[in-house]
Amino acid sequence: MSGEMILSISYGLVMVAGGVFVWWQVKRYFEGDE
Amino acid sequence: MNIFLIALIISMIGYLAIGWYAGRKVKNLEDYYVAGRNASTLLIVGTLVASFMSTNAFLGEMGMSYQGHGPLIVIMTGVNCMGYIIGALFFGRYLRRSRALTVPEFFGRRFGSRRLQSLAGLTIVIGLTCYLMAVTWGVSLIVTKVTDMPSWASIVLVWFGYTGFTLYSGSRGVVLTDTAMFLLFSTVALVALYYIIQSGGGWFSSLEQLALYKDKPGLISWHGVVGDDSNWKTPADGLVWALILGVAWGIVVAVSPWQTSRYLMARDEHVVIRSACGASIAMFLLYLINSYAAAAVNLSNPSIDPPESVMIWVAMNLMPTVLGALLVCGILAAGLSSASTFLSLIGFSSTNDIFNHSNDPVTQLRLTRHTIIFVGVAVVLLCLILPSNIFWITYFAGPVFASSWGAVAFMSIWSKSITESGAFWGMLSGFFGNIAANLIQVFWDIQLPVYLDPILVGSAISLFTIIMISSLGEVKPVSEAFRKKLHQMPENMNNKTEIARTLLWPKAMIVLGILVMVLMVNFYATPYEGAITKQTLMEFRP
């Protein structure tokens, strides 16, 4: 896999990971799991 | 009078009108300092991004992309954006909960310490005055270039522009003008990309030409231009630089006053979280667009000098006159929005945090406005008197807060053992640690390795100092009581409808991340590989 392909995938994955993290934090905090 | 000056004056009048409209609604101190704590998600996103992206983003970083380092800027931004998420979740929403008027006031109340509040206020006045001078110079340079006005007249015009709407309306006006400016520069950045790509023969044609660009080999490869003539000898050097600087600037967006103070204006904690997601998305896309656009300008003109003026060249040469004028206004808007935020924060901190403020809100409001006039006049005089070649002084002014405030900010929420003395000396040592690391580089002409970036050195010194000093003392009961209170969720925050609305933002981030991945694979990586393969086959053809 080329560096450009890895850059393309990982750039999108950063945003996906950020979204998953916020989603998990909001569920955990506001819905009373914390 | 040329079209650029006319557009500039019209846009200034527009900002003043917005400021006048917002200023009429200022009834008390909360309105002036924190926009009545009633700002919506769009307004907080607008002011977060507009405050962060100043002339540096549209001149310095786009100049870097034009020279072939756009991919590193993109990698750095990917990491940097996560600072919004970490900052909002682990500091910003608790800051909002404190209902302080300024971030230094939060520190002061958290540790029951007037000296800490004053110190934090002083770092704002010193750091942001330098940064404000840098932005004033930066914006006035553009005005001089596009209008042929004398330098002094440009400085005065720029100063008058941002002081005018900041003075009367305070944060109420700043969030509105910031949002208008954010929408303007985001839109014109997209329009500029269209014209740049069209002048290169369309998307796939321009991408193929850039992939095989001989003068700057590797211009849009994953690592950009590297080698003996570049700052980075190998792709790995570039990658490490981008990742470490991404972390450093992530700390800046997570804790710096010109970012976190925006959360004090949010309607509630849900807006804090939503706007952090929104700012992260906006930065993520804007830097991708800007970096690629600047690299693609090489196809139209490979020898723009200085490279930082690449977008000004685009505005004056590649776009229709009216749209070019709008692009210039957008770039100026990026500078003016940061300047207005800095000016307001300096005024607020001088009045509320450094000097003993009046207990009478009306008197304090009047004092704050007088301070803003004084600061504004001082800044414009300094900009006129000092030679602008001392620009380097201002270079480290912005990130100094990451070192000075970073550890104190997060530990003020999450540490049971940080003491008032630990926080005070930690903030002071981080501030001077950062400045010392910068001065070593400037005066001794030493290039520190990237892992010794002044932001990281200062942060490490600050953290070490906090741990050492705190271990020698005891936490005041009032201090711990305040911290515990910060962790009590307000009753109306667990409303199911509001939670569902907040969850839409991380879902949007996930969908957008997948979409960007698919688009980049199909419109960047695959055609790039195709162009390289085609060229390799041609070279081997007998």
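Computed from heavy atoms alone, side chains included, the values below leave out hydrogens, waters and symmetry copies. Note on naming: letters A, B, ... go to the chains in the order of the sequence lines (proteins, then strands), and numbering restarts at 1 for each one.
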Chain A heavy atoms under 4.5 Å from [X]: which part of the residue, side chain, backbone, both or neither?
X: B:Met493; value: both
X: B:Ile514; value: both
X: B:Tyr524; value: side chain
X: B:Val518; value: neither
X: B:Phe90; value: side chain
X: B:Ile86; value: side chain

Could you tell me which of A:Ser10, A:Ser8, A:Ser2, A:Gly12 has the largest number of non-hydrogen atom pairs under 4.5 Å with chain B?
->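 That would be A:Ser8.
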
Between B:Arg97, B:His223, B:Lys507, which residue shows the highest count of heavy-atom pairs closer than 4.5 Å to chain A?
->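 Ranked by contacts with chain A, first place is B:Arg97.
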
Please determine, among B:Asn494, B:Val516, B:Val521, the option with the most heavy-atom pairs under 4.5 Å with chain A.
->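 Sorted descending by pairs with chain A, the first entry is B:Val521.
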
If you measure from [atom1] on [X] to [atom2] on [Y], what distance do you get to the nearest 0.5 Å?
X: A:Leu13; Y: B:Ile510; atom1: CG; atom2: CD1; answer: 11.5 Å
X: B:Met517; Y: A:Met15; atom1: CE; atom2: CE; answer: 11.0 Å
X: A:Ile9; Y: B:Met520; atom1: CD1; atom2: CE; answer: 10.0 Å

Under the side chain to side chain donor-acceptor pair (under 3.5 Å) test, residues paired with B:Arg274 that sit two or more places apart |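 Result, side chain to side chain donor-acceptor pair (under 3.5 Å) vs B:Arg274: B:Glu498, B:Thr502.
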
Heavy-atom side-chain contact between [X] and [Y] under 4.5 Å:
X: B:Val79; Y: A:Val14; result: no
X: B:Ile85; Y: A:Phe21; result: yes
X: B:Val74; Y: A:Tyr11; result: yes
X: A:Met5; Y: B:Thr526; result: yes
X: B:Met489; Y: A:Phe30; result: yes

Contacts of type salt bridge (charged side-chain N to carboxylate O under 4.0 Å, His left out), residue B:Glu61, not counting sequence neighbours |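 Residues passing salt bridge (charged side-chain N to carboxylate O under 4.0 Å, His left out) with B:Glu61: none at all.
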
Run the side-chain contact (heavy atoms from CB on, under 4.5 Å) check on A:Trp23 and B:Trp505 step by step: do they pass?
-> CA-CA 8 Å; A:Trp23 185 85; B:Trp505 286 87; over 6 Å; no

Could you check whether the rings of A:Tyr29 and B:Tyr94 sit parallel, tilted or perpendicular, using 30° and 60° as the cut-offs?
->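 A:Tyr29 and B:Tyr94: perpendicular rings.
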
Determine yes or no for a side-chain-to-main-chain donor-acceptor pair under 3.5 angstrom, with A:Glu4 supplying the side chain and B:Ser221 the backbone.
->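 No: the side chain of A:Glu4 does not pair with the backbone of B:Ser221.
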
Within a radius of less than 6.0 Å around NZ of B:Lys534, do more than 12 heavy atoms belonging to other residues, nucleotides or ligands occur?
->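 Open.
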
